[in-house]
Every structure is written in C-alpha cells, then in structure tokens.
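Below is one structure, written out as structure tokens; comments come after it.
None of the values given here were measured: they were computed from a predicted structure. We name chains A, B, ... by the order of the sequence lines, and we start the count at 1 in each one.
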Amino acid sequence: MNAERNHFFNDVYEVVRQIPRGRVTSYGAIAAYLGTKGSARMVGYAMNASHLDESIPAHRVVNRNGVLTGKHHFEHPNKMEELLTEEGIRIKGDRIVDFPSVFWDPEKNLYL
DNA sequence: GACATGACGATTT
DNA sequence: GAAATCGCCATGT
C-alpha cells in the first residue's frame with residue numbers, strides 16, 4: 001500500500017524517539033527538520049496518532065513557548081508534567097522553566 | 001468534495 | 001504584552 005502517505009507520521013515518530021532524556025523539542029523544530037513539507041500543525045497531528053505507539057515520548061514535545069499544550073491528550077493531564085519532572089525538567093504551571101536550556105534541536109544534534 | 005477542526009507558529013493590532 | 005488574525009495542510013464528517 002502507500003507507505004508514502006504515512007511518511008510524515010513515521011518521520012515525526014522517529015525524531016521524537018531520538019530526543020535525549022531530560023530534553024524537549026518543539027513541533028515547529030521537528031517540522032523544520034523534516035523540511036517545509038509539513039507545518040507544525042501536522043507534527044501535532046502526528047502526535048495525536050502517536051498514542052498508538054508506546055515508544056514515543058510525546059511528553060518531550062511541547063510547543064514553541066515551552067508550554068505543555070498536549071498534556072490533556074495523555075492518560076492523565078498530570079502525566080506529562082510528571083514525566084518531565086522525573087527527567088529533571090522543572091515545570092511551572094504548564095510551562096517549562098528555562099525552556100531554551102532544555103530545548104533540543106534536531107537540526108543541531110541530528111545529522112542527516 | 002465542501003466545511004470544520006486541530007498536541008502550531010509567526011505576524012499584526 | 002496580550003489578544004486577534006492568517007497561514008499551514010492533513011483528517012474527519
């Protein structure tokens with residue numbers, strides 16, 4: 001069948017899996033890394049479907065503000081914040097403290 | 001196939 | 001500096 005159709009989802013999942021522990025990245029960064037093929041929204045959309053795959057640390061993906069926009073899509077709204085805190089990331093409200101410091105850019109750490 | 005929606009982002013008001 | 005607006009494009013109805 002058309003594996004090409006899912007190319008975007010597949011790529012997004014792969015990049016997300018490469019995120020080191022204690023780091024986070026943004027939807028836009030992933031989209032930019034894959035190219036302009038998909039906008040940041042598509043990344044978020046892909047993550048929505050990621051709930052089918054347990055291997056995807058979706059909690060390490062936040063929006064460009066460092067806000068846990070997708071926490072409500074987890075098993076429990078607190079799960080995302082909890083997981084990040086476990087990895088040494090401090091959360092204030094729904095926002096990551098010192099976000100640029102824990103930000104992981106695939107373009108700077110991954111080589112294609 | 002038109003209409004509405006969405007885990008975003010950048011720009012403008 | 002917060003709120004509103006447009007652009008992005010796949011997915012569901």
Practice task
Tell whether Tyr27(A) reaches the base of dA7(B) with its side chain through a donor-acceptor pair below 3.5 angstrom.
Solution key: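 Side chain to base: pair present.
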Of all the choices, [options], which nucleotide is nearest to the side chain of [X] once you look at every atom?
{"X": "Tyr45(A)", "options": "dA10(B), dA7(B), dT11(C)", "answer": "dT11(C)"}
{"X": "Phe9(A)", "options": "dA7(B), dG9(B), dA10(C)", "answer": "dA10(C)"}
{"X": "Ser39(A)", "options": "dA7(B), dG9(B), dC8(C)", "answer": "dC8(C)"}
{"X": "Met42(A)", "options": "dC9(C), dA7(B), dG9(B)", "answer": "dC9(C)"}

How many whole angstroms separate atom [atom1] of [X] from atom [atom2] of [N]?
{"X": "Asn48(A)", "N": "dG12(C)", "atom1": "CG", "atom2": "C1'", "value": "12 Å"}
{"X": "Leu34(A)", "N": "dC9(C)", "atom1": "CG", "atom2": "P", "value": "14 Å"}
{"X": "Ile30(A)", "N": "dC9(C)", "atom1": "CD1", "atom2": "C1'", "value": "17 Å"}
{"X": "Leu83(A)", "N": "dA7(B)", "atom1": "CG", "atom2": "C1'", "value": "15 Å"}
{"X": "Arg64(A)", "N": "dG6(B)", "atom1": "CZ", "atom2": "P", "value": "23 Å"}
{"X": "Asp11(A)", "N": "dC9(C)", "atom1": "CG", "atom2": "C1'", "value": "16 Å"}
{"X": "Arg60(A)", "N": "dA7(B)", "atom1": "CZ", "atom2": "P", "value": "22 Å"}
{"X": "His73(A)", "N": "dA7(B)", "atom1": "NE2", "atom2": "P", "value": "4 Å"}

Practice task
Measure the spacing between CG of Asp105(A) and OG of Ser26(A) and express it to the nearest 0.5 Å.
Solution key: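 Nearest 0.5 Å value for the CG-OG distance: 7.5 Å.
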Practice task
Check for a donor-acceptor pair, side chain of Arg23(A) on one end and backbone N or O of Arg60(A) on the other, with a separation under 3.5 Å.
Solution key: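 Checking the backbone N and O of Arg60(A) against the side chain of Arg23(A), no donor-acceptor pair under 3.5 Å is found.
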Practice task
Please check if the side chain of Gln18(A) supplies one atom and the backbone of Glu14(A) the other of a donor-acceptor pair under 3.5 Å.
Solution key: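 Yes, Gln18(A) side chain to Glu14(A) backbone: donor-acceptor pair under 3.5 Å.
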Practice task
State plainly whether the residues Asp98(A) and Arg90(A) are in salt-bridge range, i.e. N to O under 4.0 Å.
Solution key: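 No.
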Practice task
For Ala49(A), answer base if it contacts any base atom (sugar-phosphate contacts may also be present), sugar-phosphate if it contacts only those atoms, and nothing otherwise; contact means non-hydrogen atoms under 4.0 Å.
Solution key: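 Nothing: the residue Ala49(A), judged by heavy atoms under 4.0 Å, touches no strand.
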Exercise for the section: Under 4.0 Å between any heavy atoms, over every strand shown, what does Asn63(A) touch: base, sugar-phosphate, or nothing? Just pick one. Expected result: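 Sugar-phosphate contact only.
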Practice task
Would you please say whether a donor-acceptor pair under 3.5 Å links the side chains of His59(A) and Glu87(A)?
Solution key: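 Looking only at side-chain atoms, Glu87(A) and His59(A) do form a donor-acceptor pair, the distance falling under 3.5 Å.
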